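Worksheet: the structure to be examined is printed underneath.
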There are 2 protein chains.
Amino acid sequence: MGLNLEWLRTFKAIYEQGTLTGAAQELFISQPGVSLHLNSLEAYTGYKLFDRSAKKLVPTERGKVIYNFIEEPLGKLESAEQLFHKSTKTERATISIGMCFETFQYTLEKYIATLPFNIIIKFGDYPQMIHDLDKGLLDLIITPQKGDQTNLEFKPFSKERIVLVAGGKTDTQPLKALLKKKDYSGAENWLKEQLWYSTAADTEHLKRFWQLNFRRHLDFKPNYIVPNMSSIVRCLSGETGFSVVPDFLCAEEIEAGGMQLVWEGQSIIENTLYFGTRKKTMYADEISRIQEIFRQMMHPLTHGS
Amino acid sequence: MGLNLEWLRTFKAIYEQGTLTGAAQELFISQPGVSLHLNSLEAYTGYKLFDRSAKKLVPTERGKVIYNFIEEPLGKLESAEQLFHKSTKTERATISIGMCFETFQYTLEKYIATLPFNIIIKFGDYPQMIHDLDKGLLDLIITPQKGDQTNLEFKPFSKERIVLVAGGKTDTQPLKALLKKKDYSGAENWLKEQLWYSTAADTEHLKRFWQLNFRRHLDFKPNYIVPNMSSIVRCLSGETGFSVVPDFLCAEEIEAGGMQLVWEGQSIIENTLYFGTRKKTMYADEISRIQEIFRQMMHPLTHGS
DNA sequence: GATCAATTATCATTATTATGATACAAAGGT
DNA sequence: ACCTTTGTATCATAATAATGATAATTGATC
C-alpha cells in the first residue's frame, strides 16, 4: 500500500551493485525477493527505475534522482545498527553538552582531547538547552537558569560575578577615588570617557551592570566590538580599556597582573551556575568526569567572604 | 533476523505519539502490528525502549538516544515519498549545476531569483564535476574540460581568453612601447615592478600567462591576494594595478572604462567552455533556460576577428 | 552460430507478518 | 466503589512476503 522503507534499502543495494543477484547477496536475502522489492517500488512510484540490459541494471534518470535523494539518510539509518550493539562493548561513548561559547572556550576546550569519550558541544539559548536536555538531545548543560521538569536535575556548582575589569596598564586611580567618595555620578561620567570593549552578540552584561549601579540606561557605545569574551580578555591583557565580564573568565589574567578587577558594583551581580542533567542517564561516569573539570576550573569560589 | 527499517519508522511514530494506538492511526496499520514492531525492535536491540506506564509510553534513555539518531534521516527518507508524485504535477523542479565560483558570480547570480525552478550550485574541480554529472548528482556543468563517458554530451558555447588587464588609472604606456618593439624581456622586467593582484586559490592563470609569454617561471609574488576573481575586478576598477584573468569577467568593466585590456599575449591563451549534460535528462527545459542565460552573458565572442 | 556463463523472471510452496476480535489493565469522573 | 474511557497484550486466522527450483534471456567466447 504505502512506501516500504525496505524497498528503498533494496533499491540502494541494486543501484550500487548493478545486479539483483549482487544486491541479494549484500542484503542476505533471496534474489527473487530483490526482484519483488524493485517491482513494488517501481509500481509504487509509477516509473521504471532501471533499464534492464541483460548483464546489468542501468539506472534511469529518475532512478538517479531517487538514489541521490535517499543515499545519505539511508546510510545514516543503516548505521544506527551499530548504535545498538555499541555501548555494551568498549566503544567510546558520545555525550552532548550544552553551554555558552565562552564557558566552553575557558573551561573545556583545552581538555577536550584528553577525554576518553567523544563530545559534542552545542551552543544556544538556555531555554532551548533545557528542552533538549529533557528530550535526550543533550546529556549535560551548564546554565544559570533552572527548569522545572521533574525528570531533570539541577545542581549548583559555582557562581559567576559580573564585574568591571580593566587592562593592566589602565590608570584606574581617578575612578577609585570617585568610588571611595561614593560619587557614582562622577564615576559614571568618568567611565563614559574611557575605552570600552564588548562582544557583538552580547552587551547584556554591560547594560545590566550600568543599570544596577548607575540607575540609568547605557547611553554610549563600546569602542571595540570583538567576536567573543575571550577576545576581550586577550585584547585587554597588558593594555588599557574597560569591560564588564564574568569574573572567572579573567581570573588567571588578573592573578598574573595582565588585567585588574576594578569594581564589583554597588550591589554585586552574581549568577549561580548549575549542572543540568536527566536523573536517569546512561552516561553517568562521563558526565562526572566533565563536571570534575568544571569544578576545578571554576573553583568553588570563596566570593562569599 | 536483521534490522527492519519499518520498525524504526514505527518506533518514531510511537515516540512522537506516546501511544501504540496513536502510532497505529498515524501509520494506517493495526495496533497489534505496532506492538509487534516495537517488540521486534526491542528484541533486536536487546533493550527496553519504552517504559510502559498505563496511559502512555515513556521513552527510556536508550530510546531517546535512538530517537535522536534516527529522527532526521528517517524524516528525510519519508519525504522521498513526495518526490515520486512530484514532477508529474506542477511542482518546481530542482536542478543541480556545477561550475567554478567566478563563473557563477558573473553570470547566473543575478538571475537566480527569476528562474521558475530551484537551483543548486556546486563548486569543485572539473573531473569531480564530470563524475557527478554522470552519476546524476549534477544535471549541468560548465567546464573547460570534456569527459569521455558515452552517455554524456559536451557542447562548446563560448571561449574565454586569459588576458593581462589593468586598473583604469594605470599608466600602461611604457609597457605598450616595449611590446611594440617586441622587447619582451624589457616588458617582463617592467611588469615585475608593478602592483599585482591575484586570488588565494588560483595563481594558475598568472603562472601560465607568464610561462607562455616570457618563457620563464613566475619569480615574484602578487602584492594583493584577494578571495576571488570578482574581488580583483572590484579592486582594480578605476585604480592602478595588474592582473591576469579570463576576459569575460571584466568585459563590462573594460567597456565602462574602469579597467583596460592591456595585452592578450604573444600567443593567445584560449579555453573553450562546454555545457556538459547527460544525453537523457528529465530537465531539458530547465537546462535550456540556464544555457540561454550563459549564451547571453558570455556572448558568442567574436574573438576570432 | 552454438555453447557457456551469468543474470533475471516466474511460480508453487513455505514462512512470516498483519489483522480483527477480545481479554485485560489502569486512570478519571460521578 | 462503580462505570466509562482509553490503551495494551494475546491469539487464531487471513493476508502478504520470501524462498527454492527452474525456465528464459542475453552477452561473450571460441
Side-chain angles (χ1 to χ4, degrees), chain A residues 1-60 62-63 66-67 74 77-78 81 150-151, chain B residues 1-60 62-63 67 74 77-78 81 149-151:
Chain A
M1 196 193 82
L3 170 65
N4 189 311
L5 295 181
E6 291 295 316
W7 298 345
L8 295 180
R9 169 189 258 173
T10 304
F11 170 80
K12 177 164 172 259
I14 299 171
Y15 193 102
E16 287 166 356
Q17 292 286 336
T19 68
L20 300 191
T21 313
Q25 285 165 357
E26 180 187 314
L27 298 169
F28 299 105
I29 59 177
S30 70
Q31 172 268 315
V34 172
S35 184
L36 206 65
H37 275 185
L38 179 56
N39 288 338
S40 302
L41 186 62
E42 289 188 330
Y44 175 76
T45 63
Y47 297 100
K48 201 151 58 86
L49 302 179
F50 291 96
D51 286 320
R52 271 75 162 177
S53 87
K55 284 280 169 194
K56 65 185 173 197
L57 301 194
V58 181
T60 62
R62 201 161 241 103
I66 291 174
Y67 178 78
L74 202 62
L77 266 199
E78 286 180 319
E81 207 145 355
T150 54
N151 61 329
Chain B
M1 195 193 79
L3 170 66
N4 189 313
L5 295 182
E6 291 296 316
W7 298 345
L8 294 180
R9 169 189 260 174
T10 304
F11 169 81
K12 176 163 172 259
I14 299 171
Y15 193 103
E16 287 166 356
Q17 292 286 336
T19 69
L20 300 192
T21 313
Q25 285 165 359
E26 181 188 313
L27 298 169
F28 299 106
I29 60 179
S30 69
Q31 173 267 316
V34 172
S35 184
L36 205 66
H37 275 185
L38 179 55
N39 289 339
S40 302
L41 186 62
E42 289 188 329
Y44 176 75
T45 63
Y47 298 99
K48 202 151 58 86
L49 302 178
F50 292 97
D51 285 320
R52 272 74 162 178
S53 89
K55 283 280 171 194
K56 64 184 174 198
L57 302 195
V58 181
T60 62
R62 199 161 244 102
Y67 177 79
L74 202 62
L77 266 199
E78 287 179 320
E81 208 146 354
Q149 287 83 343
T150 53
N151 60 329

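Owing to the predicted nature of the structure, the values given are computational and were not obtained by experimental measurement. Chain identifiers are assigned alphabetically (A, B, ...) following the order of the sequence lines, protein sequences preceding nucleic acid strands; residue numbering begins at 1 within each chain.
Atoms OH (A:Tyr44) and P (D:dT16) sit 17 Å apart, rounded to a whole Å. With rounding to whole Å, A:Glu6 atom CD is found 18 Å from D:dT16 atom P. C:dT19 atom C1' lies 17 Å from atom CZ of B:Phe28, rounded to whole Å. Rounded to a whole Å, the CG atom of B:Leu27 is 11 Å from the P atom of C:dA18. Remark: P of D:dT26 and CG of A:Leu20 are 15 Å apart, rounded to the nearest angstrom. When the C1' atom of D:dT26 is taken as reference, atom CG of A:Leu57 falls 13 Å away, rounded to whole Å.
Annotation: side chain to side chain donor-acceptor pair (under 3.5 Å) contacts of A:Glu78 (sequence neighbours excluded): A:Arg9, A:Lys12.
In this structure, B:Thr21 reaches the D:dT8 phosphate: one of its side-chain N or O atoms is under 4.0 Å from OP1 or OP2.
In this structure, A:Glu42 contributes its side chain and A:Leu49 its backbone to a donor-acceptor pair below 3.5 Å.
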Given A:Tyr47 and A:Thr60, is the side-chain contact (heavy atoms from CB on, under 4.5 Å) satisfied, shown in steps?
CA-CA 9 Å; A:Tyr47 297 100; A:Thr60 62; over 6 Å; no

Are B:Leu5 and A:Leu8 close enough, and set up right, to give a side-chain contact (heavy atoms from CB on, under 4.5 Å), and what steps lead you there?
CA-CA 10 Å; B:Leu5 295 182; A:Leu8 295 180; over 6 Å; no

Start with the C-alpha distance between A:Leu3 and A:Leu41, add both sets of side-chain angles, then the distance that settles side-chain contact (heavy atoms from CB on, under 4.5 Å), and finish with yes or no.
CA-CA 8 Å; A:Leu3 170 65; A:Leu41 186 62; 3.8 Å; yes

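Applying a 4.0 Å cut-off to non-hydrogen atoms, the residues of residues 29-43 of chain B that approach DNA chain C are B:Ile29, B:Ser30, B:Pro32, B:Gly33, B:Leu36, B:His37, listed by residue number.
Ring geometry for B:Tyr15 against B:Tyr67 counts as parallel: the plane angle stays under 30°, on a 0 to 90° scale with 60° as the upper cut.
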